[in-house]
Participant: 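Dropping the structure in here first, questions after.
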Protein chains: 2
Amino acid sequence: MADRPAGRRIPEATVTRLPLYYRALLECADRGTETVSSERLAELAGMNAAKVRKDLSYLGSYGTRGVGYEVEFLLGRISGELGLTQDWPVVIVGVGNLGQALANYHGFGARGFRVEALVDADPAKVGEQVGELAVESLDDLAEVVAERGIRIAIIATPAPAAQEVAGLLVAAGVASILNFAPTVVSVPDGVSLRKVDLATELQILSFYQAEQGNWSGRKGSKRAPGSSSPVIPEVAS
Amino acid sequence: MADRPAGRRIPEATVTRLPLYYRALLECADRGTETVSSERLAELAGMNAAKVRKDLSYLGSYGTRGVGYEVEFLLGRISGELGLTQDWPVVIVGVGNLGQALANYHGFGARGFRVEALVDADPAKVGEQVGELAVESLDDLAEVVAERGIRIAIIATPAPAAQEVAGLLVAAGVASILNFAPTVVSVPDGVSLRKVDLATELQILSFYQAEQGNWSGRKGSKRAPGSSSPVIPEVAS
DNA sequence: TGGACTTTGTGAACAAGTGCACAAGTCGGT
DNA sequence: ACCGACTTGTGCACTTGTTCACAAAGTCCA
Ligand SMILES: NC(=O)c1ccc[n+]([C@@H]2O[C@H](COP(=O)([O-])OP(=O)(O)OC[C@H]3O[C@@H](n4cnc5c(N)ncnc54)[C@H](O)[C@@H]3O)[C@@H](O)[C@H]2O)c1
Ligand SMILES: NC(=O)c1ccc[n+]([C@@H]2O[C@H](COP(=O)([O-])OP(=O)(O)OC[C@H]3O[C@@H](n4cnc5c(N)ncnc54)[C@H](O)[C@@H]3O)[C@@H](O)[C@H]2O)c1
């Protein structure tokens, strides 16, 4: 009923699912669907209906009983909450194998982000053109970040450089970091850090693989084994 | 005390952390450290000591009070649990931007995995050499998987192809899939699925960014905002 | 207008995960 | 032997997340 979000705090688990709903809703919108039920949305997002409803309820009561949720409206609501009403400029530090793949990826734009700068420490790489951007020097990082109002950074350097780079980024004013280097990076309080670690993911899969056969039916649930956080909570330095 | 693991079931949250401890222990081993305390290990893994101890206790009681854990022994114990005593052959399906970066990545070998085959649907790509491997045809997927005893696959195709590819993989005998395509993929019971979604990660960061300033001190904890699961539990089809 | 049907929103039970705090071991020195 | 310093292992309280199940609210149609 409350048309106002009110002062609730959105649980962390819910936040991690909002992007999923967002994606599912975009699909609906593309198809021209006007409204979705929690059931349908759950199906599209690979989730269950009760969870969807509870999650959405944290944003306010925007559903209509007997009907469902208005796709366009909910999209606006979620993108507002996620801060996707604008395109965020992003800097990628470390333009190697992975950094280049990310730089060439055109899937970010559709999701609220724009790779705005590429930075590398290797003088041989600086000046090189990758897609529509030229690689800039690590020495100019602070300048690049400040001038273009960059708040979000992706670290794609080798592990040993990651912590140092993170420090530079924070000093330059970056407040959110996505780290691909397989190492623990700490950042001061007030900075968000998430990480993606391929080897870790594979190892988790490997664990359940090793359990093969006897994991199925675990706890009687139909839940697939590999789940939850590959991203560990990072504590302030 | 118990030298035997006994019949405990390792909690999911713990499983996702074992690779972290593993990595931290490898560092210790490299440095020649013989034993680590839970405190030290926690520091290296970006975790807290109590959690480390509790997690390790699920593997059995392998610490020595007053001393800590024997690095080599614990490494063996964890790699055993994670099934890393052998190198798992992995197939990458979709050799585009991302697939190539992954194929060229030499960080897997050090962590118990070996990219054994590259598969793509594009005839123009088939036969192309990427690193030490030649790209093979999607038509030969089943054969490739079967012949080389592949159990783990990485999907790096465009989103629309992901579900179909997953189906083929499962049919071919793959039991664990790591999906990079930003779409929900379902697999039958008995198959593990994890996903990595860049845009989702960035959106989560964006959420906390939007909250900037007022999230700090949330609940009085020092915890950085971006945490928990970017990987949602996938349910069997 | 009314009644059958659909779907939301949420309280409450349950399950999982986290962190504290401390007893119980272990060690090295005396 | 004993002591003091140190560190594990874990019971317990607490927090967070998930699921159920149902009343309330709305639609649709006759
Ligand atoms: N390539 C992959 O598929 C892949 C997969 C998983 C994880 N990773 C991780 O991602 C990171 C990058 O991997 P990669 O394969 O692209 O490595 P890479 O060696 O190809 O590229 C690293 C780049 O970082 C640059 N660099 C080094 N130190 C730097 C610094 N201090 N500041 C800025 N740039 C610096 C190097 O010049 C190089 O261009 C690594 O930590 C790797 O473990 C990569
Ligand atoms: N490139 C990135 O940095 C990046 C980042 C995040 C997510 N992703 C996701 O990873 C996936 C791959 O991205 P990309 O940039 O490498 O795309 P890409 O277009 O460069 O490569 C996709 C490859 O998959 C192949 N392919 C298409 N259909 C196939 C099928 N049915 N079977 C096997 N192969 C098939 C294509 O021939 C192509 O070689 C996409 O889903 C993308 O959204 C990519």
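In what follows, chains are A, B, ... by sequence order, proteins preceding strands, each numbered from 1. Keep in mind that this is a model prediction, so the values were computed, not measured.
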Participant: Out of C:dT26, C:dG9, D:dT8, which has the shortest distance to the side chain of B:Thr64?
Facilitator: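 Nucleotide nearest to B:Thr64's side chain: C:dT26.
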Participant: If the cut-off is 4.0 Å, is A:Asn48 near the phosphate of D:dT19, judged by side-chain N/O to OP1 or OP2?
Facilitator: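 So the side-chain polar atoms of A:Asn48 do come within 4.0 Å of the phosphate oxygens OP1 or OP2 of D:dT19, strictly under.
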Participant: In terms of side-chain heavy atoms of B:Ala13, which of D:dT8, D:dG17, C:dG17 is nearest?
Facilitator: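 Of D:dT8, D:dG17, C:dG17, C:dG17 is nearest to the side chain of B:Ala13.
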Participant: Between the main-chain N or O of A:Ser186 and the side-chain N or O of A:Gln163, is there a donor-acceptor pair closer than 3.5 Å?
Facilitator: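 The answer is yes, because a donor-acceptor pair under 3.5 Å joins these two groups.
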Participant: Return yes if the base of D:dT10 and the side-chain atoms of B:Lys54 contain a donor-acceptor N/O pair under 3.5 Å, otherwise no.
Facilitator: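 A donor-acceptor contact between them is absent.
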Participant: Give a yes or no on whether a donor-acceptor pair under 3.5 Å exists between the nucleobase atoms of D:dG17, that is its base, and the side chain of A:Lys51.
Facilitator: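 Between D:dG17 and A:Lys51, which were checked side chain against base, a qualifying N/O pair under 3.5 Å is absent.
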Participant: Just the rounded figure in Å: distance from P of D:dC6 to CZ of B:Arg40.
Facilitator: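 Nearest whole value for this atom pair: 17 Å.
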Participant: Measure OH/A:Tyr58 against P/C:dT8 and give the value in whole Å, please.
Facilitator: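 Result: 17 Å.
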Participant: Answer yes or no: does a side-chain N or O of A:Ser38 lie under 4.0 Å from OP1 or OP2 of C:dT8?
Facilitator: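 Checking A:Ser38 against C:dT8: at least one side-chain N or O falls below 4.0 Å of OP1 or OP2.
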Participant: I want to check one thing: is the phosphate of C:dT26, taken as OP1 and OP2, less than 4.0 Å away from some side-chain N or O of B:Tyr69?
Facilitator: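 So the side-chain polar atoms of B:Tyr69 never come under 4.0 Å of the phosphate oxygens OP1 or OP2 of C:dT26.
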Participant: Give me the atom names and distance for the closest heavy-atom approach of B:Leu44 to A:Val184.
Facilitator: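 Result for this residue pair: O-CG2, 3.3 Å.
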Participant: Do the side chain of A:Arg65 and the base of C:dT7 come within less than 3.5 angstrom through a donor-acceptor pair of N or O atoms?
Facilitator: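 Result: no qualifying N/O pair found.
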Participant: Does the side chain of B:Arg53 get closer than 4.0 angstrom to OP1 or OP2 of C:dC20 through an N or O atom?
Facilitator: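 Result: no.
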Participant: Got A:Ile10 and A:Leu59 here, is their nearest side-chain heavy-atom distance under 4.5 Å?
Facilitator: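 Side chain of A:Ile10 against side chain of A:Leu59, heavy atoms only: contact under 4.5 Å found.
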Participant: Considering heavy-atom distances to DNA chain C, does A:Leu56 or A:Gly66 have its closest nucleotide positioned more toward the 5' end?
Facilitator: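 Closest to the 5' end, via its nearest nucleotide, is A:Gly66.
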Participant: Which listed nucleotide (D:dT18, D:dG9, D:dC22) is nearest to the side chain of B:Ser61?
Facilitator: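 It is D:dG9.
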Participant: Closest to the B:Val67 side chain: C:dG19, D:dT10, C:dC27?
Facilitator: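 Of the options given, the side chain of B:Val67 lies nearest C:dC27.
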Participant: For the backbone of A:Leu82 and the side chain of B:Ser206, can you confirm whether one donor and one acceptor N or O come within less than 3.5 Å of each other?
Facilitator: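 Yes; judged by distance alone, with no hydrogens or angles, the pair exists.
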